[in-house]
Amino acid sequence: MKQRTLLLIKPNATKKNQIGSILKMIEENGFEIENLKLFRMGGELADEFYAEHIGKKFYDELKDFMMSGKIVAAELSREDAILKLRELVGNTDCEKAALGTIRSIYGDSKGENAVHASDGIESAAREIELIFQ
Ligand code: CMP
């Protein structure tokens, strides 16, 4: 089934001029870019976007990091987009991400892992709405 999902290219990757390389991998893997946005995340949006993580011990670090620089959001479509993007992105911890995945190539650590990908149908719809409303 054709689906839509959301990719965020995080501040560590945008600072290193890796936007083009990451989007090239996305396009080469069958995703179509439906919507694209370069922006900075404010505190309110960070709290909404990552609401499920508020209160966890890494949350303050995650929020500071996401507010530390430019972010690129891409709304993507393809068959089984949500699962296929999670596969291409790899494990949250870039040390554990399979070779050839985006996080294995561009991630610096579990926190600064270069990209975010929606993890399900409901979160994809919620995140696309939050970013592109
Ligand atoms: P992301 O896919 O953006 O979703 C939540 C983010 O929290 C995750 O990627 C990581 O960057 C971050 N995260 C998850 N667990 C940890 C952790 N133990 N320490 C630091 N950051 C974490």
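Scope of the values below: all heavy atoms of this structure, side chains included, with no hydrogens, waters or symmetry mates. Start at 1 and go down the list; that is how both ligands and their atoms are numbered.
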Mark up the atoms of ligand 1 that fall under 4.0 Å of a heavy atom belonging to L62, in ascending order.
->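 This gives 6 (C), 7 (O) as the contact atoms.
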Proximal atoms of ligand 1 relative to N113 (non-hydrogen, under 4.0 Å) =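 The list of qualifying atoms is 8 (C), 9 (O), 10 (C), 11 (O).
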Quick one: look at [X] and ligand 1, take heavy-atom pairs under 4.0 Å, and tell me if it's side chain, backbone, both or neither.
X    : answer
R103 : side chain
K10  : side chain
L8   : neither

Would you say S68 and K15 make side-chain contact, with heavy atoms under 4.5 Å?
-> yes
Heavy-atom side-chain proximity of N113 to D93 below 4.5 angstrom =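 They are not in contact (no side-chain heavy atoms under 4.5 Å apart), so the answer is no.
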Might you confirm whether atom CD of E87 has over 12 heavy atoms from other residues, nucleotides or ligands at distances under 6.0 Å?
-> yes
Please check if atom NZ in K63 has more than 12 non-hydrogen atoms from other residues, nucleotides or ligands closer than 6.0 Å.
-> yes
Nearest protein heavy atom with distance in Å, relative to atom 21 (N) of ligand 1 =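 Looking only at protein heavy atoms, the one closest to atom 21 (N) of ligand 1 is G111 CA, 3.6 Å.
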Distance from atom 1 (P) of ligand 1 to nearest protein heavy atom, with residue and atom |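 Nearest protein contact, heavy atoms only, for atom 1 (P) of ligand 1 is H116 ND1, 3.4 Å.
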Any idea which of H53, K110, E112 brings a heavy atom closest to atom 11 (O) of ligand 1?
-> K110
Proximity winner for atom 14 (C) of ligand 1, if only heavy atoms of F58, F49, Y50 are counted =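 Residue with the shortest heavy-atom distance to the ligand atom: F58.
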Look only at interatomic distance and state if A117 has a nitrogen or oxygen under 3.5 Å from any nitrogen or oxygen of ligand 1.
-> no
Could you check whether the rings of H53 and F58 sit parallel, tilted or perpendicular, using 30° and 60° as the cut-offs?
-> tilted
Presence of salt bridge, R78 and E32, under 4.0 angstrom | no
Going by distance alone, is a donor N or O of one side chain under 3.5 Å from an acceptor N or O of the other, for Y59 and D64?
-> no
